[in-house]
Visitor: 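My questions all concern the structure below.
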Amino acid sequence: MNMVQAATAARSETDSPFADFDEFIRLYQQRVYRVVLAQTADADLAEELTQDCFIRAFQKRSSFRGDCQVFTWLARIAINLVRDHYRNRKLALWRRLVRFERSEPEQERAEEVRDPAATPEEHLLRRERLERASARIRHLTAPQREALLLSAVEGMSIEEIARATNRRPGTVKSHLHRAMMNLRTWNRQEGQRN
Amino acid sequence: MISIHLSDEEITAAAAGERVPRTAHHLQICSECQGQVQMYRDSLAELRQDICYSAGRSAIDWGRQSRGIQQRILAAQIEKTQGRNAGFAVVCATLAFALVLVVFIGFRNTSPPPSHTPTATISDAALLDDVESRINEDLPDALQPASLLVDEMGGIQWSSRTHSVHVRVRSAQ
């Protein structure tokens, strides 16, 4: 390898978004967590899947070709993890049993360290608002929910959502439209109830 | 007066942030469609606020999660390395076993077959000579009466005598 090649390799290494993976985690963990939390409405599960997402991103970092934004690529991993989780629901009971038997101290520790800076009121309010958001999107199908959340919460374009969800832009547009129509219907029904 | 309003698809697309010149132009002049788009936008904004608030955590907690991820990545790497080492050990052990097996089978195949020592064959003539010499040899005194008896009998078949002597020779061998 000559000097130019070595310099190019070194530059591409430093230009890579994964060059400093700790910084990479700090940059994107909040957004990934938000995407997963919005889909699952379960803070513990969202935390676990967010960790899985970064571990998978680390393992597959060589497959990132740079043809889309890093967050689009991460969102794709996160959405696939959420899909896999719900697909493997049949095993959930066994997993829960194993987790219950094995990691009771771990859960206690998690409870101890769960956002120590937040007050109990804040915890309660966060839970309430999560439940409210969850109630709005619960009746949507999974593709509609994915399209709506990535568009409304993360501000992603139709093309980016299509890349993240591995669907065609036209399909995403259709899912987004139906999701918004369903959301409007839900809002009307709620308005009439109140 | 505006006769053709935006379709539902156009309204939701506009609310989602899609920029289409015709839609944008129509929204500037049609308050009804603008109101519908705004209603969608408000609904989406409310959803966004709820989710962002519920996903909010303190810097301490994000730091904890970040460290958790780093630890899990480290553990995964260690596990991967250990897995590789274990795999390498298994492959080495298998190869060693296979080598031993090949050497053993090869040794068995190439080892010379057990040699059969040729049995000394005695020719008929030699055997007959031996029989004759045994018959003709002097018997000890203790057996004299028996030798006399043999002489008296004289008519013993040659073949049967030969057979009995032959059997004795074999048993002696």
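Side-chain atoms are counted along with the backbone in the values below, which use heavy atoms only and exclude waters and symmetry mates.
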Visitor: Could A:Arg129 and B:Glu46 be called an ion pair, given the rule that one side-chain N must be under 4.0 Å from one carboxylate O?
Guide: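 Result for this pair is no, no salt bridge flagged.
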Visitor: Are any of the side-chain heavy atoms of A:Leu130 and B:Tyr53 separated by less than 4.5 Å?
Guide: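 No - every pair of side-chain heavy atoms lies 4.5 Å or more apart.
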Visitor: Are any of the side-chain heavy atoms of B:Cys52 and A:Arg34 separated by less than 4.5 Å?
Guide: yes
Visitor: Minimum heavy-atom separation for A:Met180 to B:Ala15, with atom names?
Guide: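 That would be CE-CB, 3.4 Å.
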Visitor: Where on A:Leu125 is there a heavy atom nearer than 4.5 Å to chain B: the side chain, the backbone, both, or neither?
Guide: both
Visitor: Indicate, with yes or no, if A:Tyr86 and A:Ile137 share a hydrophobic cluster defined by side-chain heavy-atom contacts under 4.5 Å among Ile, Leu, Val, Met, Phe, Trp and Tyr.
Guide: yes
Visitor: Name the region of A:Leu37, side chain, backbone, both or neither, that has any atom closer than 4.5 Å to a heavy atom of chain B.
Guide: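 Only the side chain of A:Leu37 comes within 4.5 Å of chain B.
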Visitor: side-chain contact (heavy atoms from CB on, under 4.5 Å), that's the test. Do B:Ser66 and A:Gln29 meet it? Break it down for me.
Guide: CA-CA 8 Å; B:Ser66 177; A:Gln29 65 174 344; 3.9 Å; yes
Visitor: Got a sec: does the CG of B:Asp124 have more than 12 other heavy atoms crowding it under 6.0 Å?
Guide: no
Visitor: Quick one: pull up CG in A:Leu149 and CZ in B:Arg48 and give me the separation to the nearest 0.5 Å.
Guide: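 Here the interatomic distance stands at 11.5 Å.
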Visitor: Within this structure, what is the OH-CG distance for the pair A:Tyr33 and B:Asp61, rounded to the nearest 0.5 Å?
Guide: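 Going from OH on A:Tyr33 over to CG on B:Asp61, the span is 8.0 Å.
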Visitor: Does the Lys NZ or Arg CZ of B:Arg72 fall within the cation-pi geometry relative to A:Phe58 - under 6.0 Å from the ring centre and within 45° of the axis?
Guide: no
Visitor: A:Arg136 versus B:Asp50: any side-chain heavy-atom pair under 4.5 Å?
Guide: yes
Visitor: Would you call B:Leu47 and A:Leu148 a side-chain contact if the rule is heavy atoms closer than 4.5 Å?
Guide: yes
Visitor: Could you check whether B:Glu9 pairs with A:Lys173 (Lys NZ or Arg NE/NH1/NH2 to Asp/Glu carboxylate O, under 4.0 Å)?
Guide: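 A salt bridge is absent here (no side-chain N lies under 4.0 Å from a carboxylate O).
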Visitor: What part of A:Asp22 gets within 4.5 angstrom of chain B, counting heavy atoms only: side chain, backbone, both, or neither?
Guide: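 Its backbone and side chain both get close to chain B.
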Visitor: Stepwise, does the side-chain contact (heavy atoms from CB on, under 4.5 Å) test hold for A:Val153 with B:Leu44?
Guide: CA-CA 8 Å; A:Val153 182; B:Leu44 293 180; over 6 Å; no
Visitor: Is any side-chain heavy atom of A:Met181 closer than 4.5 Å to a side-chain heavy atom of B:Tyr40?
Guide: yes
Visitor: Would you mind checking which part of B:Ala16 comes under 4.5 Å of any heavy atom in chain A, side chain (CB onward), backbone (N, CA, C, O), both or neither?
Guide: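 Both the backbone and the side chain of B:Ala16 come within 4.5 Å of chain A.
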Visitor: Can A:Glu122 and B:Arg57 be said to form a salt bridge (Lys or Arg N to Asp or Glu O under 4.0 Å), step by step?
Guide: CA-CA 10 Å; A:Glu122 277 176 323; B:Arg57 291 156 79 171; over 6 Å; no
Visitor: Answer yes or no: are there more than 12 heavy-atom neighbours, outside A:Gln69 itself, under 6.0 Å from its atom CD?
Guide: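 It does not: A:Gln69 CD has 12 such atoms or fewer within range.
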Visitor: Measure from the side-chain N and O atoms of A:Arg126 to the backbone N and O of B:Gly56, and report whether any donor-acceptor pair falls under 3.5 Å.
Guide: yes
Visitor: Using non-hydrogen atoms and a 4.5 Å limit, figure out which bit of B:Gln49 sits close to chain A: side chain, backbone, both or neither.
Guide: both
Visitor: Go through the steps to decide whether B:Ser43 and A:Arg184 satisfy the test side-chain contact (heavy atoms from CB on, under 4.5 Å), and finish with yes or no.
Guide: CA-CA 8 Å; B:Ser43 177; A:Arg184 187 176 69 171; over 6 Å; no
Visitor: If you round to the nearest 0.5 Å, how far is CD of B:Gln70 from CD1 of A:Ile25?
Guide: 4.5 Å
Visitor: Would you kindly confirm whether A:Trp186 and A:Leu176 end up in one hydrophobic cluster when ILVMFWY residues are joined by side chain heavy atoms under 4.5 Å apart?
Guide: no
Visitor: Side-chain contact, heavy-atom cut-off 4.5 Å: B:Glu10 with A:His177?
Guide: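 Counting from C-beta outward, B:Glu10 and A:His177 never come under 4.5 Å.
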Visitor: Indicate, with yes or no, if A:Leu27 and A:Val35 share a hydrophobic cluster defined by side-chain heavy-atom contacts under 4.5 Å among Ile, Leu, Val, Met, Phe, Trp and Tyr.
Guide: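 Yes, A:Val35 connects to A:Leu27 through the hydrophobic network.
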Visitor: Just do the side-chain contact (heavy atoms from CB on, under 4.5 Å) check on A:Gln59 and B:Lys80 with the steps written out, would you?
Guide: CA-CA 11 Å; A:Gln59 288 166 345; B:Lys80 198 175 170 183; 5.9 Å; no
Visitor: If you round to the nearest 0.5 Å, how far is CD1 of A:Ile55 from CD of B:Gln71?
Guide: 10.5 Å
Visitor: Heavy-atom distance under 4.5 Å to chain B: side chain of A:Gln30, backbone, both or neither?
Guide: both
